[in-house]
Amino acid sequence: MGRVKLAPSVLSADFGRLAEQVAEAERAGADWIHVDVMDGRFVPTITIGPLVTEAVRRATSLPVDVHLMIDEPERHVEAFADAGASLVTVHYEACGHLHRTLDRIRELGPRAGVSLNPATPVDALSEIVPFVDLVLIMSVNPGYGGQRYIVTSTEKLRRARALIERSGGREVELQVDGGIDRETAGAAAAAGASCLVAGSAVFRHPDGVAAGIRAIRESLA
């Protein structure tokens with residue numbers, strides 16, 4: 001596995017300065033920009049949609065990584081593809097026909113990912129891993145930024161990495177989202193995560209976005 005990617009989540013950005021902060025994250029060495037979409041049904045809160053995704057797309061040349069924490073995501077994947085998503089991740093728990101939804105995402109152009117909530121076992125993905133480009137392990141219960149990392153997520157990442165390796169050698173990203181900061185990033189990466197999503201630790205760092213990214217990078221050295 002090569003250099004661990006860092007995907008700052010705009011959920012924690014200042015939306016009054018969204019384009020500016022996204023550009024700052026890119027200059028500071030972010031690899032992707034992560035967009036958390038919540039519908040108030042699958043998770044308790046409502047966040048953003050395709051229009052904000054389109055604004056993020058205009059603000060950066062980096063891949064735009066869209067995480068749909070919504071019920072019936074198959075109804076909305078086309079809108080996010082049209083908005084410029086480079087990758088669209090849906091939840092295992094929200095998809096009645098997951099294989100079909102992942103195929104549709106790819107038909108539309110983006111890469112396709114699948115996410116697991118903390119209580120969902122890794123083995124639930126055993127039949128679908130050969131058809132995904134990314135597995136996302138939630139290390140908090142989705143719905144709110146700024147939560148603390150669930151410590152058992154580290155072992156879950158190890159199991160997910162092992163499942164990916166057994167699936168036939170395809171290059172599948174293993175992403176982790178929730179409570180990632182300079183204290184938790186190293187353990188997640190050592191357990192096999194290839195992409196770290198960080199929101200508060202980047203966009204709410206007291207010394208600014210660049211300092212937040214630098215602190216996480218230094219913890220991985």
Tell me, please, which residues at least two apart from [X] pass side chain to side chain donor-acceptor pair (under 3.5 Å).
X	answer
R148	none
E20	R17
D31	R3, R217
E24	none

Answer with yes or no whether the hydrophobic clustering places [X] together with [Y]; edges join I, L, V, M, F, W, Y residues whose side-chain heavy atoms lie under 4.5 Å apart.
X	Y	answer
V88	V197	no
V43	L68	no
V4	L136	no
F80	F42	no
L18	L11	no

Show the nearest heavy-atom pair for residues [X] and [Y], with the distance to one decimal.
X	Y	result
F15	V52	CE2-CG1, 4.0 Å
C95	T101	SG-OG1, 3.9 Å
A210	A28	CA-CB, 3.7 Å
I105	P110	O-CD, 3.3 Å
L220	A185	CD2-O, 3.6 Å
Q175	L157	O-CD2, 4.4 Å

Practice problem: State whether R57 and E54 are salt-bridged, where the test is any N-O pair (Lys NZ or Arg NE/NH1/NH2 against Asp/Glu carboxylate O) under 4.0 Å. | Solution: no
Do [X] and [Y] come within less than 4.5 Å of each other through their side chains, counting heavy atoms only?
X	Y	value
S167	S126	no
L62	W32	no
I150	K156	no
V132	L125	no
M38	P142	no
T184	V176	no
Q21	D14	yes

Rounded distance (nearest 0.5 Å) linking atom [atom1] of [X] with atom [atom2] of [Y]:
X	Y	atom1	atom2	answer
K5	L174	NZ	CG	11.0 Å
I137	R161	CD1	CZ	10.5 Å
D71	H76	CG	NE2	9.0 Å

Quiz item: Can R111 and L134 be said to form a side-chain contact (heavy atoms from CB on, under 4.5 Å), step by step?
Solution: CA-CA 8 Å; R111 289 182 288 164; L134 177 144; over 6 Å; no
So does [Y] get a backbone contact from the side chain of [X], meaning a donor-acceptor N/O pair under 3.5 Å?
X	Y	value
E173	C195	no
D181	E183	yes
D177	M138	no
D36	S9	no
S139	Y149	no

Exercise. Sequence neighbours left out, what pairs pass ring pair (Phe, Tyr, Trp, His ring centres under 6.0 Å) with at least one residue falling in residues 197-221?
Key: none
Quiz item: What's the verdict on side-chain hydrogen bond (donor to acceptor under 3.5 Å, both in side chains) for H67 and D65, showing C-alpha distance, side-chain angles and the deciding distance?
Solution: CA-CA 7 Å; H67 177 196; D65 169 32; over 6 Å; no
Exercise. Identify the residue among T89, V90, V77, D133 that makes a side-chain contact (heavy atoms from CB on, under 4.5 Å) with L102.
Key: V90
Self-check item: CA sep, side-chain torsions, deciding dist, call: M69, T45, side-chain contact (heavy atoms from CB on, under 4.5 Å)
Solution: CA-CA 10 Å; M69 288 173 270; T45 47; over 6 Å; no
Exercise. Sequence neighbours left out, what passes ring pair (Phe, Tyr, Trp, His ring centres under 6.0 Å) with F131? Give chain and number order.
Key: H99
